[in-house]
Visitor: 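Right, I'll just put the structure down here and ask away after.
In what follows, chains are A, B, ... by sequence order, proteins preceding strands, each numbered from 1. For the numbers below, each heavy atom of this structure counts, side chains included, while hydrogens, waters and symmetry mates do not.
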Amino acid sequence: MTFYDRGTILPGLIIGLCLFLSPFIYNGGKAGKAPVPELTPKAKEAKQCVAPKPYMTAWHMQLLDNWRQEVVREGSRYFNANQDLWWNNQFDGQLLEKWRRFITSSDASTPGATGKTYYKSLQVTCMECHSNKSKFCDECHNYLGVSPYCWDCHVQPKEDKQ
Amino acid sequence: MTVDRRKFLKIAGLSAAFGLGGKTAVDIFAPGELFASAGSAVPVATNQKKWAMVIDMKKCLEEQEKGKCNQCMAACHRVHNVPNFGDNIKEEMKWIWQESYEHLFPSQHNEFISEDVKEKPFIALCNHCENPPCCRVCPTKSTWRREDGVVMMDLHRCIGCRFCMAACPFGSRSFNWGDPRKAPKELNPDFPTNMNYPTRTKGVVEKCNFCDERLGVGKIPVCVETCQNINVHALIFGDLNDPASEIRKLLHSRYSIRRKTELGTEPKVYYLI
Ligand code: SF4
Ligand code: SF4
């Protein structure tokens with residue numbers, strides 16, 4: 001058997017392989033540490049979010065999407081987790097299942113499961129507490145490689161450059 | 001009786017055989033019924049609000065004569081983050097603006113018209129038409145008329161095709177040719193002027209929303225409130241379905257005109273002259 005052009009192919013293969021593996025070698029085979037959203041003093045003090053924390057962690061994008069739909073299309077501007085969450089999620093089987101598991105678990109007693117009513121607004125309500133967008137939103141989004149375009153229109157709070 | 005699906009298919013099949021098409025076919029085989037099934041353009045609501053505006057041009061012009069009043073326009077553009085792109089008319093962004101009587105009411109104009117209105121600056125905004133052509137042409141349903149009469153924009157969905165701008169006979173819509181946040185800084189020193197309201201992006205169409213964000217929390221539109229605050233009361237806002245509302249009383253007691261009624265869009269902005 002003859003191996004034509006081995007002088008070019010073999011080094012090429014090795015270089016290619018090295019390039020492919022370089023990110024893994026560079027990180028020493030370990031995954032980068034997932035960032036933890038940082039709470040502002042105001043958010044800490046509030047103790048509860050508009051919905052229970054585990055729900056917000058996993059499903060804040062669905063919540064915001066529902067809000068946008070309801071505010072713009074239905075003119076409904078107030079949100080109460082106890083009354084509204086269940087109905088919103090009825091139409092999404094996967095979400096419903098998660099929610100069912102959640103409310104039957106001990107997590108259901110975490111803050112946020114209680115029924116305070118909020119004004120549905122990313123820009124006004126969410127960002128009032130989470131005024132540290134770069135630490136609270138961006139770090140995680142960057143880590144996951146998602147770039148939500150909310151901020152093309154919605155005005156982000158002014159942050160002190162540290 | 002209306003044309004149900006089964007009957008429609010029968011008519012369609014039959015008419016295909018005779019080489020007829022569409023509305024003609026229905027007219028021949030079931031005269032009058034298509035109209036009945038399409039329903040009336042203006043729904044008869046009972047408990048439903050129907051927001052509308054009355055502009056008392058007498059009071060407005062009186063105030064304008066005193067000094068160049070532009071309070072309503074300035075307030076609207078401030079709370080809704082509407083930027084100023086300068087003098088290039090193509091890039092003009094406006095939700096509420098001034099236009100001469102002749103331009104707003106071309107068919108009501110004549111060469112001997114009273115000096116009271118001739119070439120006078122009238123206030124114009126989206127008419128929140130009851131039969132809005134802009135909504136009929138929007139391919140993404142980004143713009144639609146709500147039950148309470150407000151013609152809304154869902155800016156999350158607008159693809160910027162500008163069909164609505166072509167369809168609106170009143171020039172009520174503006175297109176964002178550029179990113180509003182990149183509007184000239186010298187003309188917009190503290191843009192965005194309202195940190196509680198979004199801006200828009202490049203490539204979407206915007207217009208007056210009857211202050212939907214304020215109606216939602218029980219307030220009246222900001223232009224109306226501003227005009228009240230300066231004690232002019234030329235703009236009046238209210239519910240057309242409520243016979244006891246201030247606007248209904250005004251429309252009952254004074255002669256009013258609307259823009260281009262011959263087009264059948266049923267504007268809900270009334271002018272008292
Ligand atoms: S520009 Fe936007 S709102 Fe207007 S018709 Fe096109 S998609 Fe609809
Ligand atoms: S004035 Fe123009 S934009 Fe407003 S509802 Fe009527 S057609 Fe649509």
Visitor: Is the distance from the ring center of B:Trp95 to that of B:His80 below 6.0 Å?
Guide: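 Yes: the rings meet the under 6.0 Å criterion.
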Visitor: Can you say whether B:Met195 sits under 4.5 Å from chain A via the side chain, the backbone, both, or neither, judging by heavy atoms?
Guide: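 Contact with chain A: backbone and side chain both.
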Visitor: With a 4.5 angstrom heavy-atom cut-off, could you sort out which part of A:Glu128 is near chain B: side chain, backbone, both or neither?
Guide: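 Neither part.
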Visitor: Assess the side chains of B:Asn131 and B:Thr265: does a donor N or O sit below 3.5 Å from an acceptor N or O?
Guide: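 B:Thr265 and B:Asn131 do not have a side-chain donor-acceptor pair below 3.5 Å.
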Visitor: Check whether A:Tyr149 gets within reach of chain B through its side chain, its backbone, both or neither, counting any heavy atom under 4.5 Å.
Guide: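 For A:Tyr149, there is no contact with chain B at all, as no heavy atom is under 4.5 Å.
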Visitor: Taking NZ, NE, NH1 and NH2 as the nitrogens, is one of them in A:Asp138 or A:Lys133 under 4.0 Å from a carboxylate oxygen of the other?
Guide: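 A salt bridge is present here (some side-chain N lies under 4.0 Å from a carboxylate O).
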Visitor: Evaluate the criterion side chain to side chain contact (heavy atoms under 4.5 Å, CB included) for residue pair B:Leu155 and A:Cys153; output intermediate values, then yes/no.
Guide: CA-CA 9 Å; B:Leu155 291 153; A:Cys153 290; 5.8 Å; no
